[in-house]
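Please find one structure pasted underneath; my questions will follow.
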There are 2 protein chains.
Amino acid sequence: MGKRENRTKPPDPATLCKSKDPAAVRELLTKVGDKWSIFILLTLEMFPDCRARFSAVEKCIPGISQKMLTVTLRNLERDGMVSREIFPEVPPRVEYQLTKLGETLLEPLQALLDWVNANSEQVRKSQRLFDQK
Amino acid sequence: MGKRENRTKPPDPATLCKSKDPAAVRELLTKVGDKWSIFILLTLEMFPDCRARFSAVEKCIPGISQKMLTVTLRNLERDGMVSREIFPEVPPRVEYQLTKLGETLLEPLQALLDWVNANSEQVRKSQRLFDQK
DNA sequence: CTGTATCCTGGGCGATACTG
DNA sequence: CAGTATCGCCCAGGATACAG
């Protein structure tokens with residue numbers, strides 16, 4: 001399932017979407033494809049125990065607004081990728097940590113990042129070629 | 001680089017974005033995260049020689065509009081993931097084919113799909129739990 | 001059959017102000 | 001410090017019509 005050998009026969013139309021739970025696939029890729037999720041996941045990964053407080057994450061991600069950090073963290077928590085712990089202090093302290101699930105997602109994600117590092121130059125070249133035609 | 005061991009010291013803020021070409025990372029994830037790109041790539045992969053004509057791809061992707069198929073294919077071509085060949089016939093025939101570059105992207109992508117297949121149930125469970133609080 | 005050209009809507013996201 | 005609330009812009013993407 002999902003192997004990449006060359007076929008010699010055309011596929012049954014809609015085979016793809018029957019075998020793969022298209023809703024779940026699209027859902028994840030939409031999440032991961034949004035503007036900030038991956039940066040948050042990768043940032044948390046850098047901290048000891050994959051754990052950091054709100055403001056610490058914020059400082060590691062230039063350009064993110066407070067609102068989007070809150071929203072994206074909340075979504076990640078909802079999906080079970082990140083856990084959230086509130087400390088009843090003043091001033092308040094909230095710590096976020098990658099869950100086991102979140103950590104497992106980072107592996108395939110890292111593969112994608114490696115691909116980017118290896119191939120982004122070729123992509124840019126292709127774009128330039130295409131644009132000047 | 002990009003390893004996943006636990007750190008014992010907090011990261012240098014903005015380390016992430018210095019080491020990874022954030023523009024390129026975000027660019028790819030935005031593409032891959034759009035509504036149709038992956039389905040198109042996975043569809044082409046199913047055909048002999050990773051090659052199919054416009055209408056054949058269309059039939060394999062329920063719900064895609066003609067416009068979005070055209071637009072997304074054009075973007076993929078611009079990025080060098082897909083090549084396009086026009087046959088001067090009537091009625092016209094146009095064939096699209098995964099390039100070498102496009103095929104290499106499918107490997108990390110497949111890892112992500114496998115993750116979805118393995119974990120989407122747990123994600124849904126987490127969502128239900130979160131929502132009823 | 002394989003496109004292009006318009007129009008239109010929803011929602012992602014930023015800016016800003018306010019709160020416990 | 002770590003949020004909410006509100007407003008408004010922009011643009012991905014759907015519907016529809018037309019063209020080579």
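What you are looking at is a predicted structure, and each value in this text was computed from that prediction instead of being measured.
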Non-hydrogen side-chain atoms of Leu101(A) and Trp115(B) separated by less than 4.5 Å:
yes
With a 3.5 Å cut-off and no angle check, do the side chains of Gln127(A) and Glu27(B) form a donor-acceptor pair?
yes
Options dA2(D), dG3(D), dT2(C), nucleotide nearest the side-chain atoms of Ser55(A)
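Among dA2(D), dG3(D), dT2(C), the one nearest the side chain of Ser55(A) is dA2(D).
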Taking it one step at a time, do Asn75(A) and Val71(A) satisfy side chain to side chain contact (heavy atoms under 4.5 Å, CB included)?
CA-CA 6 Å; Asn75(A) 287 335; Val71(A) 168; 3.9 Å; yes
Rounded distance (Å) that lies between atom P of dG3(C) and atom CD of Glu95(B)
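Interatomic distance, CD of Glu95(B) to P of dG3(C): 12 Å.
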Length of the line joining Phe87(B):CZ and dT2(C):P, which is rounded to integer Å
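Atom-to-atom, Phe87(B) to dT2(C), this comes out as 11 Å.
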Expressed in angstrom and rounded to an integer, what is the separation of Arg74(B) atom CZ from dA12(D) atom C1'?
18 Å
Thr99(A) side chain vs Gly80(A) backbone, donor-acceptor pair below 3.5 Å:
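Side chain of Thr99(A) to backbone of Gly80(A), a donor-acceptor pair under 3.5 Å: yes, one is there.
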Name the residue from Arg51(A), Arg84(A), Arg53(A) that meets the side-chain hydrogen bond (donor to acceptor under 3.5 Å, both in side chains) definition with Glu95(A).
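Of the listed options, the one satisfying the test is Arg51(A).
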Any Lys/Arg nitrogen of Arg124(B) or Glu121(B) sitting under 4.0 Å from an Asp/Glu carboxylate oxygen of the other?
yes
Could you state the CG-P distance from Leu29(A) to dA12(D), rounded to the nearest angstrom?
18 Å
In the 5'-to-3' direction, what one-character label does each nucleotide of nucleotides 13-20 of chain D receive under the scheme B = base within less than 4.0 Å of a protein heavy atom, S = sugar-phosphate only, - = no such atom?
BBB----B
Between dC1(D) (P) and Glu89(A) (CD): distance, integer Å
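Whole-Å distance recorded here is 13 Å.
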What does Tyr96(A) touch in the nucleic acid at a heavy-atom separation under 4.0 angstrom: a base, only the sugar-phosphate, or nothing?
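It contacts sugar-phosphate atoms only.
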Separation of Ile86(A) atom CD1 from dC1(D) atom C1', in whole Å?
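Nearest whole value for this atom pair: 13 Å.
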Which whole-number value in Å describes the distance from Glu85(A) CD to dA2(D) C1'?
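Atom-to-atom, Glu85(A) to dA2(D), this comes out as 15 Å.
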Under 3.5 Å, side chain of Ser126(A) to main-chain N/O of Gln122(A), donor-acceptor pair present?
no
Between P of dC13(C) and CG of Leu69(A), the distance in whole Å:
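So the CG-P distance, Leu69(A) to dC13(C), works out to 13 Å.
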Of the nucleotides dT4(C), dT2(C), dC1(D), which one has an atom closest to the side chain of Arg53(A)?
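Nearest to the side-chain atoms of Arg53(A), counting from C-beta on, is dC1(D).
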